[in-house]
Amino acid sequence: MRMDATKAGDGDPFTAHRSLLFTVAYEMLGSAADAEDVVQDAWLKWDAVDQGEVRDPRAFLVRVVSRTALDRLRTQSRRREDYVGPWLPEPLVTARDVAEDVELADSVSMAMMLVLETLTPTERAVFVLREVFGLDYDELAEAVDKSPASVRQIAHRARSHVAARRPRGDVRPGQARDVFAAFQRAVTTGDLQGLVDVLAPDVVMLGDGGGIRQALAHPVVGVDKVSRLLVGGFGKFGAITFEPADINGRPALIVNLEGELDSILTVEVVDGLITGVYAVRNPEKLSRIGAETDVSR
């Protein structure tokens, strides 16, 4: 059973907050498909409750989504151990203006989502709800079924963990687009020196094929290896085209091979250089590339 649009009309709080709810679930899970399932489950609970008794629909819905996503995240964490090759979040085509909301763009970026993967499920839920969506500690306590004092400790631990692992430096949308434009020219023309000029010395490239398509079995590190891999890898294909897009709040390329979607390629730009290159080839993660996904906070 899917959500009945005739019942969730324009004046319905669920409809008003749906984008927020999806974003909460996606940032906790890294999977758009799972996030949609969580949002659907939240609608079923919203439809069943006496809505007139709900004083704060937004808080109620965020709490429902958070609890459901946390349960699913605990199951996912065990499943991830069997994933073939490096894991990357399911990429989303996002609106151009998402990049202008620096905090939102950072929170859904590939680089941040990978950092969030290193947290425990409860730490991830608390970090996302507190740092991205601004829930107070009492709300957090209800959402994750912990005491406010315990949640404060978890939040402090999660912040410290993320601060030690997140990309450091200045990430400006305008500068990122200029750097990405140079990256795009170098990739599409096979300009090795052009790539070297925009890649950070310790740049890391990850590829996710999910065991379905060939991809990088391990991270590739260093400007020399990554630049040669990009030029040599794409140079092997003849009928390949690159389409610019915004993916997870960052400029990206949609790569088409023989006229069919092959992969997405997105980057992280810090202090004017590309520190991360992320390639998703797993076809199970590319189903949403044809349409823009609304994310908000």
Side-chain angles (χ1 to χ4, degrees), residues 2 18-42 65-66 68-95 98-99 104-119 121 124-125 127-128 132-133 204-216 219 243-256 260-268 276-297:
R2 306 306 291 177
R18 194 186 190 290
S19 173
L20 165 70
L21 301 176
F22 172 84
T23 309
V24 169
Y26 175 73
E27 291 195 19
M28 287 179 63
L29 297 167
S31 163
D34 285 335
E36 289 285 9
D37 287 345
V38 167
V39 171
Q40 174 66 17
D41 184 75
V65 162
S66 302
T68 306
L70 185 53
D71 288 342
R72 188 170 290 226
L73 182 59
R74 288 170 177 143
T75 302
Q76 270 192 358
S77 297
R78 293 188 290 270
R79 263 199 341 251
R80 286 281 156 75
E81 297 173 3
D82 299 323
Y83 196 80
V84 178
W87 178 93
L88 289 170
E90 184 177 349
L92 303 178
V93 177
T94 50
V98 168
L104 177 61
D106 180 60
S107 71
V108 298
S109 70
M110 291 279 180
M112 177 56 78
M113 298 284 277
L114 286 171
V115 172
L116 294 179
E117 280 289 304
T118 65
L119 301 176
R124 183 168 183 166
F127 182 86
V128 167
V132 181
F133 299 100
V204 177
M205 183 170 178
L206 298 174
D208 181 343
I212 301 172
R213 285 185 176 171
Q214 184 178 357
L216 301 175
E243 176 187 348
D246 283 82
I247 302 289
N248 289 60
R250 297 288 191 259
L253 293 174
I254 297 174
V255 183
N256 296 295
E260 299 292 333
L261 174 62
D262 177 79
S263 55
I264 67 96
L265 192 68
T266 188
V267 302
E268 185 73 13
V277 181
Y278 310 104
V280 180
R281 295 198 73 209
N282 183 349
E284 294 179 352
K285 294 185 177 183
L286 299 177
S287 62
R288 299 177 70 95
I289 295 302
E292 188 177 289
T293 298
D294 188 18
V295 296
S296 65
R297 63 188 180 97

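Contact check for Glu90 versus Ser287: side-chain heavy atoms found under the 4.5 Å cut-off. Residues Met205 and Tyr278 form no side-chain contact, since every pair of their non-hydrogen atoms from C-beta on lies 4.5 Å or further apart. With contacts defined as side-chain heavy-atom distances shorter than 4.5 Å, the pair Asp262/Asn256 does not qualify. Under the 4.5 Å side-chain criterion, counting only non-hydrogen atoms from C-beta, Val267 is not in contact with Met110. Contact of the Val255 side chain with the Ile264 side chain is not registered, since no non-hydrogen atoms from C-beta on lie closer than 4.5 Å. Considering only heavy atoms from C-beta on, Asp106 comes within 4.5 Å of Arg250 through its side chain. Side chains of Leu261 and Ile254 form a contact here, defined as non-hydrogen atoms less than 4.5 Å apart.
Here CE of Met28 is found 11.0 Å from CG of Leu119. Values are rounded to the nearest 0.5 Å. One finds the OH atom of Tyr26 at 11.5 Å from the CG atom of Asp34 (value rounded to the nearest 0.5 Å).
Val38 pairs in a side chain to side chain contact (heavy atoms under 4.5 Å, CB included) with only one of the listed residues (Asp71, Val65, Val24, Leu21), which is Val65. With Ser107 as reference, Val132 is the one residue of Leu116, Val132, Val128 to meet the side chain to side chain contact (heavy atoms under 4.5 Å, CB included) rule.
Distance alone, capped at 3.5 Å, places no donor-acceptor pair between the Glu243 side chain and the Leu253 backbone. Side chain of Asn248 to backbone of Leu92: a donor-acceptor contact under 3.5 angstrom is found. A donor-acceptor distance shorter than 3.5 angstrom exists from the side chain of Thr23 to the backbone of Ser296, with no hydrogens or angles considered. One N or O on the side chain of Thr94 and one on the backbone of Gly249 form a donor-acceptor pair closer than 3.5 Å. Judged by distance alone, the side chain of Lys285 and the main-chain N or O of Ser31 form no donor-acceptor pair under 3.5 Å.
The existence of a salt bridge linking Glu284 and Arg213 is excluded, since no basic side-chain nitrogen approaches an acidic carboxylate oxygen closer than 4.0 Å. Using a cut-off of 4.0 Å between Lys/Arg side-chain N and Asp/Glu carboxylate O, Arg281 and Asp208 are scored as not salt-bridged. Look at Arg18 and Asp294 and you find no salt bridge, because none of the NZ, NE, NH1 or NH2 atoms lies under 4.0 Å from a carboxylate O. In this structure, Arg124 pairs ionically with Glu117, as a charged nitrogen and a carboxylate oxygen lie closer than 4.0 Å. Ion pairing between a basic and an acidic side chain is recognised when a charged N comes within 4.0 Å of a carboxylate O; Glu27 and Arg297 show no such pairing.
Between Ala95 and Glu292 the shortest heavy-atom distance is CB-OE2, 3.4 Å. The shortest heavy-atom contact between Ile247 and Ala252 is CG1-CB, 3.3 Å. The two atoms that bring Gly30 and Trp87 nearest to each other are O-CZ2, 4.0 Å, heavy atoms only. In plain terms, the two heavy atoms of Pro219 and Val204 that are nearest each other are CB-CG1, 4.1 Å. Minimum interatomic distance between Ala105 and Ala99 (heavy atoms only, all atoms of both residues): CB-CA, 3.9 Å. Nearest heavy-atom pair, Pro91 versus Leu286, reported as atom, atom and distance to 0.1 Å: CG-CD2, 4.1 Å.
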Q: Just do the side chain to side chain contact (heavy atoms under 4.5 Å, CB included) check on Leu88 and Leu114 with the steps written out, would you?
A: CA-CA 7 Å; Leu88 289 170; Leu114 286 171; 3.8 Å; yes
